[in-house]
Amino acid sequence: MKAKLCWLAAGLLLVVALLVPPGSATAASTRYEAEAAPAVCTGTIDANHTGYTGTGFCNGDNAVGAAVQFTVDAVVAGTATLDIRYANGTTTARPADVFVNGVRAQSVPLDGTGAWTTWLTSTVTVPVTTGANLVRLSPTSANGLPNVDRLDVTAPGPSPSPSPCAPPSASPTSAPPRVTVWLAGDSTVAEPSSGTTCPVGWGNQFAQYFNGNVAVRNSAVGGRSIQTWLYDPNVTGTKNSAGECVVSPQTYSARWQAMLDPTNGMKAGDYLFIQFGINDSTSACPRHVGSARYQQLLGVMASAAKARGARPVFLTPAAAITCSGGTAVGNRGFIAETNAAASANGVPVIDLHRLSYTLYNSLGFCPFNGDYGAGPVGAFFCNDHTHFETAGARQIAGVVARALRDQQIPLASYLR
Ligand code: GCU
Ligand code: CA
């Protein structure tokens, strides 16, 4: 009887499937604005012609190859429909090739729309692979692209759930993680040295907040400024005339080269979290990093990640515990620098500095008697009031995870 019902249901499903045209089962489209990272615009983000959505549009340089690039997610491989919204206020078409993950998939004419304020949609279909796809509109004429507002993508839907009649498929969870979160930072982020219980960086406790599609690669190292992290062992003890530590030779550290490796390093859809600013405030070389240099190096790292289709996220440094009477207060620098570099590079910033001392307040850590060996503060911090024990690191990692959700950073869709 049960088997008979099952076949009946399957038959009904088949009839429904035959009635519904192919493609209509796919989910609603996802909007990708040209001005929003990780999109990349070879030109400027402008807002001087009305009618765009979001906060602006990409005004590409007027040149062959001056592209706009979107990072488009697909849950399964298949054919995606791309609606390209653009305005071309000239009477000459501005044709472009559409590349997906570096392979030319289509070309679009992008004819004149009559005015720079008249936005039209041009639709193409392209193949996509599971996960993040780099979709690049690359102009083929010297006029470059028209102004590009956004991309609406209807990606292939998830494969139909297995029929209740069919036996469960074998090892459904054996697929490798789809997204790697790369961590660059100092000891407040780093893995503990083997055998030690203190300090434990929050990066060590981050993976538990995600489902099995995320792998965390923690390359944070204790004692590092952003510059020593990037250039070890080539940051010298000498300052140049600008007051910055001389880097010689200018060869990247093995850890950064590993992230840049085309085969095994950051790939499209990955994330790069960057948190420095504690050791950088040292006045002496090799740790010292000045304000402008700090911002510059954040920009270098963000651009390198974006060039690989990965998404950078900046974090302000985690606060140590400092009580001002009954209130935990901030005690770190490079906050303004991190925020400035974030807006200059279109990178989201998680203000871990503020979020961490806000957590200390919510846990009632102040006023505090100075005994780091006992009580809730002792269980959270190592004896130096800066570094975390495992329990503290877990809570700080939780704060970062919550910020992903609160700030709608797309990685949040992988949170448990
Ligand atoms: C004008 C227009 C721009 C456009 C440019 C172009 O300057 O204001 O928005 O991008 O022409 O021809 O590309
Ligand atoms: Ca232009």
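Whatever order the structure lists ligands and atoms in, that order sets their numbers, starting from 1. In what follows, residues are counted from 1 in the order of the sequence shown.
For Arg217, the CZ atom sits in a loose shell: 12 or fewer heavy atoms of surrounding residues, nucleotides or ligands are nearer than 6.0 Å.
Contact annotation for atom 7 (O) of ligand 1: protein absent (non-hydrogen atoms, distance under 4.0 Å).
Under the 3.5 Å distance criterion, with hydrogens and angles disregarded, no donor-acceptor pair is assigned to the side chains of Asp97 and Ser138.
Annotation: His49 places an N or O atom under 3.5 Å from an N or O atom of ligand 1; distance criterion only.
Counting protein heavy atoms only, atom 5 (C) of ligand 1 is closest to Trp116 CZ2, 3.8 Å. At the top of the distance list for atom 12 (O) of ligand 1, counting protein heavy atoms only, stands Arg94 NH2, 2.8 Å. Taking atom 9 (O) of ligand 1 as the reference point, the nearest protein heavy-atom neighbour is Asn147 ND2, 2.7 Å.
The atoms of ligand 1 that sit less than 4.0 Å from any heavy atom of Asn59 are 3 (C), 9 (O), 10 (O).
Judged by distance alone, with hydrogens and angles left aside, the side-chain atoms of Thr117 form no donor-acceptor pair with the main-chain N or O of His49 at under 3.5 Å.
The nearest N, O or S atom of Asn59 is closer to the Ca ion (ligand 2) than 3.0 Å. Under 3.0 Å from the Ca ion (ligand 2) lies an N/O/S atom of Gly60, whether from backbone or side chain.
Contact annotation for Asn62 and ligand 1: only side-chain heavy atoms (C-beta onward) come within less than 4.0 Å of the ligand.
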